[in-house]
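To start, the structure itself, in structure tokens.
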Amino acid sequence: MENSLTYFISDIVLFFGIILFSYLSFPKHTNKKPGFYISISILIIAFALLGFLPFCAGAFKLSNLNNLLQNLISFTPFEDYSLAFLHGSVLITPLHIFEKFIITLSSLIVLILSFPFIKKLNQKTPKFILLFLITILAGYGAIISNDFISLFIALEIISISVFAMIACFNDAKDKQALTLEAGVKYFILNLVSSAFMLFGISYIYLTLGTINFSDINTMIINKILPNAPLLNLGEILFFMAFTFKIGAFPFYIWVMDTFKGSNYSMILFVSTTIQSVFVFSMVKPAACLGYFGSLLSFALILCAIITIITGGLLMVRTLKKEGTIKDFLSACAILNTGYIFSGIAFLTKGTISAGIFYTLVYLIAAFGIFSGMMLLVRNLKKLPKTDNIYGENLCKLKGISYISPFFAIMLSICLLSLAGFPVMAGFSAKFYLYTEILRSGIWAVYPLLFAAFGGIISIYSYFKIIFCMLQKPENFRIYKRKPAFDKFNTYTFTLSLCAVCLILGFFLFAPLIELIQNMV
């Protein structure tokens, strides 16, 4: 039992953190400054990160880095493990530990970048952090779930918490109606997707007589999995619900609507941490239920390709109409969701590994882009309305290179990485993804051509934004009033760190890919 608790150190830390903030959420305890609650929450997530230290030796061995570092650091012996708890409803593997670490680290970065937003919530701060911690713990539950019911419950807890965070928390009183509308749209569409998921689970159970992923995997190994139409329908309905969760076709409309009415901190949380949770939790059922060439694989590939093309066209439309920064971020999220989804849609070990690796690269680039955009918006809010007549439109990026060349270069690196430009981690991610897709079979060439077409559209959009930053600004005084682009702050540090990681990732991606391949 003592050894088993090692696998749940982070879960236990978050659980006690939730109890603490449940106590602090009472009105008589909300008289402290918001910075006090934020500091405690950062400490809680930091201690949760420390819970993954016992598994560092295993990660180094799986990535073959232990041979390089064994002369510097003494590691404890690593044994591969796959442990089941609660009668098989919970399964712990090295991949699950790695995914939980990524979720925890992503949440910590989101919390740090969201400090100005959370600080403005005043007495609502402990309630917001409480929902934030509940969402992370539910994400843990979704990742380690080994049956459909526990997975469904964890996903619903996440969705309800995200709805409450979107609808009930805003730092501007004049946008409360807009945030409530965004939250309601998210909630209603989530109910529809939950209905699809329950229908799919019921049909799968009716055909197989089990809802446990390990039992289904045993059926596949013994070649006794029936090829019944009802099972195929259940699989498609189940993963149709996941297309809503990750913002893929055909349930991608909520991304645009929800992002418009949400704060940048919530958009960042949904685009990174929540997106990663849904992608990671989809890996296990996808690997159990399908194979390349099946009806399920065909349906998922079709959704992924349409998502890529749709995201690229939305980016072009946003740039053509000089839309808002939120419109661009939502289109960018839809486009990259398509690439991640395409890796999982082919239902092979190689493509799933490539999808997970692309998710990690997307997280780094997304944190960099969001840091830059949040810094830009923060600077615009300090301007008089006479200078800020276009609001938060993309045209405000015009001439940034004249104001701060360093900021423009760092942001351009993040954009070029998502475009798949060489000497950046985004190129490695797309090259690895395309290579694994081609290895799936000869028929994989055709969907890959459509994915490449969507990638070309996205390249045009990214270069259009970079070109906009290189243009001469129409009004220099907009940025001359205390610009924060060259000052050391959380946003500039995160943007610079992400840009450096993306460049180093191009040269050091092999150990990470090997780590993921050995865990999948």
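In this chain, residues are counted from 1 in sequence order.
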Nearest heavy-atom approach of Pro285 to Phe238 is CB-CE2, 3.9 Å
Nearest heavy-atom pair of Ala331 and Met256: which atoms, and what distance? N-SD, 4.2 Å
So which atom in Ser159 and which in Lys245 form the shortest heavy-atom distance, rounded to 0.1 Å? OG-NZ, 3.2 Å
Is a side-chain donor-acceptor pair under 3.5 Å present for Thr348 with Glu436? no
For Gly312 and Ile457, which heavy atoms make the closest approach, and how far apart are they? O-CG2, 3.3 Å
Just do the side-chain contact (heavy atoms from CB on, under 4.5 Å) check on Ile513 and Ser353 with the steps written out, would you? CA-CA 8 Å; Ile513 290 178; Ser353 301; over 6 Å; no
Among side-chain atoms of Ser89 and Asp147, is any donor-acceptor pair under 3.5 angstrom? yes
For a side-chain contact (heavy atoms from CB on, under 4.5 Å) with Ile45, tell me which candidate from Val110, Leu108, Ile109, Leu105 qualifies. Leu108
Taking it one step at a time, do Thr273 and Ser106 satisfy side-chain hydrogen bond (donor to acceptor under 3.5 Å, both in side chains)? CA-CA 6 Å; Thr273 305; Ser106 174; 2.8 Å; yes
Interatomic distance, Thr310 atom OG1 to Ile305 atom CD1 [nearest 0.5 angstrom]: 11.0 Å
Report yes if some heavy atom in the side chain of Ile340 is under 4.5 Å from a heavy atom in the side chain of Ile246; otherwise report no. no
Ring centroids only, cut at 6.0 angstrom: are Tyr140 and Phe8 within range, meaning strictly under it? no
Sub-3.5 Å donor-acceptor pair from the side chain of Ser297 to the main-chain atoms of Ala345, do we have one? yes
For Tyr358, does the six-membered ring have the charged nitrogen or CZ of Lys430 within the cation-pi criterion, i.e. under 6.0 angstrom from the centroid and within 45° of the normal? no
Please confirm whether the backbone N or O of Asn190 pairs with a side-chain atom of Ser193, one donor and one acceptor, at under 3.5 Å? yes
Donor-acceptor contact present, side-chain Tyr339 to main-chain Gly455, <3.5 Å: yes
In terms of relative ring orientation, are Phe101 and Phe52 parallel, tilted or perpendicular, with 30° and 60° separating the classes? perpendicular
To the nearest 0.5 Å, how far apart are OG in Ser107 and CG in Leu49? 9.0 Å
Note, Phe370 side chain near Ile267 side chain (heavy atom, < 4.5 Å): yes
Under 3.5 Å, is there a donor on one side chain and an acceptor on the other for Ser145 and Lys284? no
Is it the case that Asp215 and Thr210 place a side-chain donor and acceptor less than 3.5 Å from each other? yes
Do the side chains of Leu296 and Asn232 get nearer than 4.5 Å, heavy atoms only? no
Has Asn212 got a side-chain atom pairing as donor or acceptor with Gly88's backbone, closer than 3.5 angstrom? yes
Pick from Phe163, Phe251, Trp254: which one makes a ring-ring contact (aromatic ring centres under 6.0 Å, His included) with Tyr186? Trp254
Phe213 and Phe148 aromatic centres sub-6.0 Å: yes
Has the side chain of Thr243 got a donor or acceptor atom that lies under 3.5 Å from a matching backbone atom of Met240? yes
Looking at every non-hydrogen atom in both residues, tell me the closest pair between Ser458 and Leu335 and how far apart they are. CB-CD2, 3.2 Å
Close side-chain approach of Leu208 and Ile216, heavy atoms under 4.5 Å: yes
State which residue, out of Phe269, Tyr264, Phe132, Phe128, fulfils the ring-ring contact (aromatic ring centres under 6.0 Å, His included) condition with Phe117. Phe128
Asp327 and Thr324: side chain donor to acceptor below 3.5 Å: yes
Between Ala48 and Val13 the two heavy atoms that sit nearest each other are N-CG1, 3.9 Å
Is the closest side-chain donor-acceptor distance between Thr307 and Thr337 under 3.5 Å? no
Start with the C-alpha gap between Ser150 and Val90, add the side-chain angles, then the distance that decides, and say whether side-chain contact (heavy atoms from CB on, under 4.5 Å) holds. CA-CA 8 Å; Ser150 57; Val90 174; over 6 Å; no
If you measure from CG on Leu515 to CG on Leu95, what distance do you get to the nearest 0.5 Å? 9.0 Å
Does atom CZ of Phe506 have more than 12 heavy-atom neighbours from other groups under 6.0 Å away? yes
Could you give the distance from NE2 (His96) to CD1 (Ile144), rounded to the nearest 0.5 Å? 8.5 Å
Does a side-chain heavy-atom distance below 4.5 Å link Ile356 with Phe280? yes
Return yes if some donor-acceptor pair links the side-chain N/O of Ser281 with the main-chain N/O of Phe278 below 3.5 Å, else return no. yes
Do Thr179 and Asn263 have side-chain atoms, one donor and one acceptor, less than 3.5 Å apart? no
More than 12 non-hydrogen atoms from neighbouring residues, nucleotides or ligands closer than 6.0 Å to CZ on Phe16, yes or no? no
Non-hydrogen side-chain atoms of Ile516 and Leu360 separated by less than 4.5 Å: yes
